[in-house]
Student: 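The structure under discussion is supplied below as structure tokens; questions concerning it will follow.
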Amino acid sequence: MTTIRDCHTFLPSALVTFLFACLMTAISGCGSTGADYSKVDLIQVSGTVTLDGQPLPNAVVTFETPDGQFSYGMTDSSGHYELQFDSVKKGVTSGPKIVRISTARKILGLNAGEGEEGGEASSESGESSPAATELVPEKYNKQSELKVEVSSGNAKHDFILSTT
């Protein structure tokens, strides 16, 4: 028969065992080095974006796959961009891509005044904030007609955009 005295000695040792197991589980995840890029064949892609003959600064350039995955970059003052696979690794996977270029879309860590690198500052669908001004016509962003084939022999992609 179990007495109250037995419970007093059992509970502390069970609690210590449970807490130790939780601690070990938490610690085991701390030593990981992050994503394994060895299985991802990334191609370093860069280029220049102009709008009506002028460099387009501070525009987010995304290369999207049909299933919605994307690499991204931001143009500098001369319209030059380099694609990022994620916040750590540069590049993009090979294959067909839809290109979207936007001055209203925000990606954390790329746009001025943003915080962490990586995900989007707006909604997951890439919708822009109400205060953002879009300078690029929809045919180059939301309804993009820009398509490229990314391959190791074709890693430079310039885009000459027009508002007309």
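Keep in mind the model is a prediction, meaning the values are calculated, not measured.
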Student: Give, for atom CD1 of Ile160 and atom CG of Leu56, the distance between the pair rounded to the nearest 0.5 Å.
Tutor: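 The distance works out to 13.0 Å.
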
Student: Return the minimal non-hydrogen interatomic distance between Gly79 and Thr75, and the atom names on each side.
Tutor: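 Heavy atoms of Gly79 and Thr75 come nearest at O-CG2, 3.4 Å.
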
Student: Under the criterion side-chain contact (heavy atoms from CB on, under 4.5 Å), I'd like the reasoning laid out for Leu51 against Thr163: C-alpha separation, chi angles, the key distance, then a yes or no.
Tutor: CA-CA 7 Å; Leu51 180 64; Thr163 56; 3.8 Å; yes

Student: Search all heavy atoms of Tyr72 against all heavy atoms of Ser87 and return the closest pair with its distance.
Tutor: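 Shortest heavy-atom contact: OH-N, 3.4 Å.
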
Student: Mind running side-chain contact (heavy atoms from CB on, under 4.5 Å) on Asn58 and Met74 for me, showing each step along the way?
Tutor: CA-CA 6 Å; Asn58 303 314; Met74 184 165 194; 3.6 Å; yes

Student: Using a 4.5 Å cut-off on heavy atoms from C-beta on, say whether the side chain of Val60 contacts that of Lys106.
Tutor: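 No, side chains not in contact.
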
Student: Do Leu42 and Tyr81 sit in one hydrophobic cluster, given that two such residues count as connected whenever their side-chain heavy atoms are within less than 4.5 Å of each other, even indirectly?
Tutor: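 They do not share one cluster, since no chain of ILVMFWY contacts under 4.5 Å joins Leu42 to Tyr81.
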
Student: Nearest 0.5 Å, what's the CD-OG distance between Glu149 and Ser151?
Tutor: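 Answer for the CD-OG pair, Glu149 versus Ser151, is 6.5 Å.
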
Student: Tell me, please, which residues at least two apart from Ser162 pass side chain to side chain contact (heavy atoms under 4.5 Å, CB included).
Tutor: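 Scan of Ser162 (side chain to side chain contact (heavy atoms under 4.5 Å, CB included), adjacent residues dropped) gives Asp52, Tyr140, Thr164.
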
Student: Kindly give the heavy-atom pair with the smallest separation between Ile98 and Ser144, and that separation in Å.
Tutor: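 Answer, listing the atom of Ile98 first, then Ser144: CG2-CB, 4.0 Å.
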
Student: Does a side-chain heavy-atom distance below 4.5 Å link Val99 with Val61?
Tutor: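 In short, these two side chains touch, coming nearer than 4.5 Å.
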
Student: Would you list the pairs meeting ring-ring contact (aromatic ring centres under 6.0 Å, His included) in which at least one residue belongs to residues 143-164, sequence neighbours left out?
Tutor: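 Residue pairs with at least one partner in residues 143-164: Phe63-His157.
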
Student: Going by heavy atoms in the side chains, are Ser46 and His80 under 4.5 Å from each other?
Tutor: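 Yes, close enough: below the 4.5 Å cut-off.
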
Student: Do you know the tightest heavy-atom contact between Lys156 and Asp158?
Tutor: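 Where Lys156 meets Asp158 most closely, the heavy atoms are NZ-OD1, 3.3 Å.
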
Student: Which atom pair, heavy atoms only, marks the closest approach of Ser77 to Pro57?
Tutor: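 Nearest heavy atoms, Ser77 then Pro57: CA-CB, 3.8 Å.
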
Student: How far does CG of Asn141 sit from OG1 of Thr103, to the nearest 0.5 angstrom?
Tutor: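 Separation between the atoms: 8.0 Å.
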
Student: Would you be so kind as to tabulate the donor-acceptor pairs closer than 3.5 Å made by side chains of residues 88-95, with sequence neighbours excluded?
Tutor:
from	atom 1	to	atom 2	distance (Å)
Lys90	NZ	Glu82	OE1	2.8
Thr93	OG1	Lys97	NZ	3.4

Student: If hydrophobic clusters are built from ILVMFWY residues whose side chains come within less than 4.5 Å, do Leu146 and Val45 share one?
Tutor: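 Leu146 and Val45: one cluster.
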
Student: Going from CD on Gln84 to CD on Gln44, what distance comes out if it is rounded to the nearest 0.5 angstrom?
Tutor: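 It comes to 8.5 Å.
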
Student: Using every non-hydrogen atom in the two residues, find where Ile101 and Ala59 come nearest and quote the distance to one decimal.
Tutor: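 Scanning both residues completely, I find the closest heavy atoms to be CG2-CB, 4.1 Å.
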
